[in-house]
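Everything numeric here is computed off the predicted structure, so don't read it as measured data. Below, chain A is the first sequence line, B the second, and so on; all start at residue 1.
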Number of protein chains: 2
Amino acid sequence: MTKKSTLVLVAERAGVSIASVSRVLNGLPASDGVTERVREAATALGYVPSATARSLKVGKTMQIALAVADVGNPVYVAMMHEVSRVVTEAGYRLVLSSTGSDPSDQIDFLAGLNRGFADGLIMSPLRVTDELVAALQETRVPVVIIGSLPAGVEFDNVRADSAKGIGLAVKHLVKAGRERIAFINGPVDTVPGAARLAGYVRAMTKHGMPLVADMQASADDFTYRAGLVAARELFSQSTPDAVVCANDLLAVAAMKELSTRGIRVPEQVAVIGMDDTDIAELANPSITSVDLGSVKRARAAAKLLIRRLETPDAPVEQVVIKPSLTVRESTPAAQNPTP
Amino acid sequence: MTKKSTLVLVAERAGVSIASVSRVLNGLPASDGVTERVREAATALGYVPSATARSLKVGKTMQIALAVADVGNPVYVAMMHEVSRVVTEAGYRLVLSSTGSDPSDQIDFLAGLNRGFADGLIMSPLRVTDELVAALQETRVPVVIIGSLPAGVEFDNVRADSAKGIGLAVKHLVKAGRERIAFINGPVDTVPGAARLAGYVRAMTKHGMPLVADMQASADDFTYRAGLVAARELFSQSTPDAVVCANDLLAVAAMKELSTRGIRVPEQVAVIGMDDTDIAELANPSITSVDLGSVKRARAAAKLLIRRLETPDAPVEQVVIKPSLTVRESTPAAQNPTP
DNA sequence: AACGTTCTTGTAAACGATTACATAAGGATC
DNA sequence: GATCCTTATGTAATCGTTTACAAGAACGTT
């Protein structure tokens with residue numbers, strides 16, 4: 001276990017200046033003799049350059065921070081995974097912060113970021129408060145936001161089109177002949193919650209279906225537990241023949257409740273989830289889910305950030321990822337196939 | 001968006017030396033006048049100390065690296081989450097590396113670690129090769145391993161007792177009157193795979209049950225997909241009345257296959273998973289699972305590492321977390337309750 | 001009043017790299 | 001062979017902190 005070794009040690013052993021050592025090790029031109037002696041000395045001493053010293057000098061940490069709202073939700077895990085892949089590929093390390101959904105934690109984290117431990121940040125906030133926006137604008141490093149932002153707030157940004165996503169779900173159900181399409185949402189005061197509700201309303205009116213309060217429930221949280229409560233409420237007050245859920249976890253909860261009530265999926269009630277996470281596939285029956293492009297969004301965000309780090313004053317970019325529907329067992333095939 | 005500001009700027013504005021600024025900001029004694037002037041100047045300039053510079057000087061990064069094998073597995077996500085909580089609480093940041101299960105990636109990562117971007121490492125390797133052990137021993141920072149290590153390799157280490165865990169599962173099934181207990185394992189060349197197989201063998205012989213090849217299958221991977229293949233193989237060659245799975249994902253797969261074959265859980269076949277992850281609860285029926293203490297292990301590992309960073313030459317510590325069984329719907333109640 | 005404490009504050013040297021600049025040496029050109 | 005250009009290497013400054021040390025100031029003690 002070689003203790004430590006610095007440039008000067010290597011330089012002494014090789015009989016050259018530290019500048020030469022640095023140059024050789026960074027592949028800058030040097031004579032064959034020097035190159036060889038430095039190489040020899042470096043390996044003999046087990047020299048490894050110090051990341052911190054380099055960072056201080058060149059002003060880059062080669063670290064990217066990722067702040068996710070809820071690690072319990074598989075969609076964030078998938079995103080995290082993809083971000084990790086992209087950034088490590090580009091030579092960056094990933095600093096993870098699982099600042100719950102509490103905006104004040106996120107703000108603390110941003111304050112820490114200003115100490116410059118990372119070159120940039122990817123953040124996917126569940127709730128966007130004014131304070132959070134203010135803190136984001138104070139941030140000294142580039143930020144990419146996954147998710148929608150209030151109008152007028154300009155950040156590199158990649159978002160899903162959840163309204164269109166819900167549109168796909170409703171259309172799919174309508175085609176299959178379902179007429180009473182319910183909706184289980186997450187908290188409406190979150191960014192995705194609000195967007196998904198708007199999408200449901202739009203899709204229902206577009207297909208000329210009534211919007212009734214009995215057919216809507218919203219969970220306190222995007223979790224299975226909260227979903228169970230919401231599903232119980234929904235199914236005790238109405239008898240839909242299909243239910244769209246704002247989330248795969250909520251969809252699993254809906255299916256559980258249906259199963260408890262002895263209602264068959266998809267024969268009696270069709271279920272559609274959102275995010276198209278692993279659990280949609282794992283569930284039994286497997287769940288038709290709206291793929292909001294989480295992996296693509298994650299990748300796009302990571303690439304956006306890396307590009308921004310390379311060219312700091314490129315124009316702000318907004319990417320929208322198109323949704324698609326992954327049909328599985330929880331919804332029936334279309335009754336009258338499109339001609 | 002205040003650009004930057006250093007100690008010297010603050011010092012100039014406050015009319016004191018940079019040493020005084022540093023002292024005031026670090027809470028070292030200083031006269032009231034100086035303290036106040038420095039405070040004023042610091043806030044006026046929006047001064048935030050540089051993490052990199054501080055790291056270089058004090059030789060600590062306040063970062064802890066976590067290397068997990070498989071982010072697709074919810075048990076690692078749960079561990080990651082817990083580690084994150086503990087380290088941030090202690091003032092460290094978490095650097096995440098999702099080096100697949102490929103040992104060479106992990107070795108690369110270790111090499112990077114030697115550049116000193118983190119003060120310590122928590123690693124949970126799926127496969128432990130000689131090269132990996134060698135690389136771990138070369139590592140310049142303290143390492144805590146989650147999982148078992150070859151005899152004679154000394155690291156701070158926290159492990160589960162999966163043999164005993166399987167013992168709990170088998171005992172539970174035997175009590176419920178099951179007589180043909182099958183086993184679906186993950187890859188046997190992994191650390192957990194080997195341990196769980198050994199545990200199954202031990203538990204079966206202990207209860208005087210026959211060990212037959214037909215009743216065992218091993219998946220190529222600890223994933224749902226691989227589990228489906230293994231389950232298909234198992235149930236086509238034998239008719240167990242219970243199946244213990246090395247993993248919750250494998251258990252979900254087993255249940256899916258059983259459902260496809262029209263076999264009822266738990267009436268005809270009982271299913272037990274391991275790790276007691278969220279999906280055990282989400283599944284329908286919910287899955288009885290051996291809790292190997294993943295969260296506790298994660299917490300213990302994090303605490304161990306932090307302790308080691310504080311007192312570098314404390315003796316090496318090995319923590320073993322006891323397993324427990326979380327009974328859910330996938331297993332029947334005991335037939336003859338213990339007197 | 002001289003001296004020894006104690007308390008503040010400033011000066012300057014680290015930490016370990018990168019890199020602008022200077023200098024020396026080697027070739028090319030005429 | 002003198003001049004210029006190129007290339008190789010060394011010297012030293014720099015990144016932004018922390019901190020050992022020194023120097024003064026203030027104060028109490030005898």
Side-chain angles (χ1 to χ4, degrees), chain A residues 2-39 41-42 45-63 91 112-119 140-141, chain B residues 2-39 41-42 45-63 91 112-119 140-141:
Chain A
T2 13
K3 274 300 159 195
K4 64 183 168 189
S5 69
T6 69
L7 268 190
V8 309
L9 259 2
V10 177
E12 273 169 15
R13 186 180 225 266
V16 299
S17 75
I18 61 168
S20 292
V21 178
S22 174
R23 278 188 286 253
V24 169
L25 266 28
N26 289 341
L28 297 175
S31 73
D32 292 354
V34 170
T35 304
E36 195 196 348
R37 296 214 306 286
V38 168
R39 288 259 153 75
L45 296 172
Y47 172 74
V48 182
S50 151
T52 332
R54 175 164 224 285
S55 290
L56 177 58
K57 185 70 224 232
V58 307
K60 288 168 185 292
T61 60
M62 295 313 275
Q63 296 191 152
L113 234 203
N114 283 338
R115 304 177 101 93
F117 65 77
D119 297 339
R140 286 167 159 80
V141 299
Chain B
T2 14
K3 273 301 162 199
K4 64 182 167 191
S5 68
T6 70
L7 269 190
V8 309
L9 258 3
V10 177
E12 275 169 14
R13 186 180 224 267
V16 299
S17 76
I18 60 169
S20 293
V21 178
S22 174
R23 271 180 228 132
V24 169
L25 266 28
N26 289 342
L28 297 174
S31 72
D32 293 353
V34 171
T35 304
E36 195 196 348
R37 295 214 306 287
V38 168
R39 289 261 154 73
L45 296 172
Y47 172 74
V48 181
S50 152
T52 333
R54 176 162 224 284
S55 290
L56 177 58
K57 186 69 226 233
V58 306
K60 288 168 183 296
T61 59
M62 297 310 278
Q63 297 192 151
L113 233 204
N114 283 337
R115 304 177 100 94
F117 64 78
D119 297 339
R140 287 165 158 80
V141 299

Requested in this report: Identify which nucleotide among D:dT11, D:dA8, C:dT18 has an atom closest to any side-chain atom of A:S31, counting heavy atoms from C-beta outward.
Outcome: D:dA8

Report summary line: Taken to the nearest 0.5 Å, the spacing of B:I18 CD1 from B:L25 CG works out to 12.5 Å

Query - Between C1' of D:dC15 and CD1 of A:I18, the distance in whole Å - result: 14 Å

Query - Between OG1 on residue A:T61 and CD on residue B:Q63, distance to nearest 0.5 Å - result: 8.0 Å

Query raised in the report: Is there a donor-acceptor pair under 3.5 Å between the side chain of B:R23 and the backbone N or O of B:L28?
Result: no

Query raised in the report: With a non-hydrogen cut-off below 4.0 angstrom, is B:V48 in contact with a base, only sugar-phosphate, or nothing?
Result: sugar-phosphate

Report summary line: Checking C:dA17, D:dA8, C:dG10 against the side chain of B:V16 (C-beta onward), the nearest is C:dG10

Query - Rounded distance in Å - CG (B:L28) to C1' (D:dT17) - result: 13 Å

**Report entry** Protein-nucleotide distance (B:L56, atom CG; D:dC15, atom P), rounded to Å
**Finding:** 14 Å

Query raised in the report: Taking the side chain of B:Y47 as its heavy atoms from C-beta onward, which of C:dA17, D:dT17, D:dT19 lies nearest to it?
Result: D:dT17

**Report entry** Residue met sooner reading DNA chain C from 5', once A:N26 and B:G33 are mapped to nucleotides
**Finding:** B:G33

Query raised in the report: Going by modelled atom types, is there a donor-acceptor pair between the base of D:dG10 and the side chain of A:R23 at under 3.5 Å?
Result: yes

Requested in this report: Look at the side chain of B:A19 and decide which nucleotide, out of C:dG10, D:dA8, D:dT18, has an atom nearest to it.
Outcome: C:dG10

Query raised in the report: Is the phosphate of C:dT18, meaning OP1 or OP2, less than 4.0 Å from a side-chain N or O of A:S22?
Result: yes

Query raised in the report: What is the distance from atom OG of A:S50 to atom NZ of A:K57, rounded to the nearest 0.5 Å?
Result: 14.0 Å

Report task. Find the distance A:R54:CZ to D:dG16:P and express it as a whole number of Å. Result -> 16 Å

Query raised in the report: With no angle test and no hydrogens, is the base of C:dT18 tied to the side chain of A:K57 by a donor-acceptor pair under 3.5 Å?
Result: yes

Query raised in the report: Rounded to the nearest Å, what distance is computed from the CE atom of residue B:M62 to the P atom of nucleotide D:dT17?
Result: 17 Å

Query raised in the report: For the side chain of A:S20, counting heavy atoms from C-beta on, which of D:dG16, D:dG10, C:dA12 is nearest?
Result: D:dG10

Query raised in the report: About how many Å separate CZ of A:F117 and CE of B:M62, when rounded to the nearest 0.5 Å?
Result: 12.5 Å

Query raised in the report: If you check the A:A30 side chain, which of C:dG10, D:dT9, C:dG16 turns out closest?
Result: D:dT9

Query - Any B:S17 side-chain nitrogen or oxygen under 4.0 Å from OP1 or OP2 of C:dG10 - result: yes

Query raised in the report: Can you tell me how far P of D:dT17 sits from CG of B:L25, to the nearest Å?
Result: 9 Å

Requested in this report: Give the rounded distance in Å between these two atoms: CZ of B:F117 and C1' of C:dA17.
Outcome: 18 Å

Query raised in the report: Does atom CZ of A:R115 have more than 12 heavy-atom neighbours, drawn from other residues, nucleotides or ligands, at distances under 6.0 Å?
Result: no

Report task. Give a yes/no answer on whether the side chain of A:S50 brings an N or O atom under 4.0 Å of OP1 or OP2 in C:dG16. Result -> no

Query raised in the report: Which one, D:dT18, C:dT18, D:dT9, comes nearest to the side chain of A:V34?
Result: D:dT9

Query raised in the report: Whole-Å distance between D:dT14 P and B:L7 CG?
Result: 17 Å

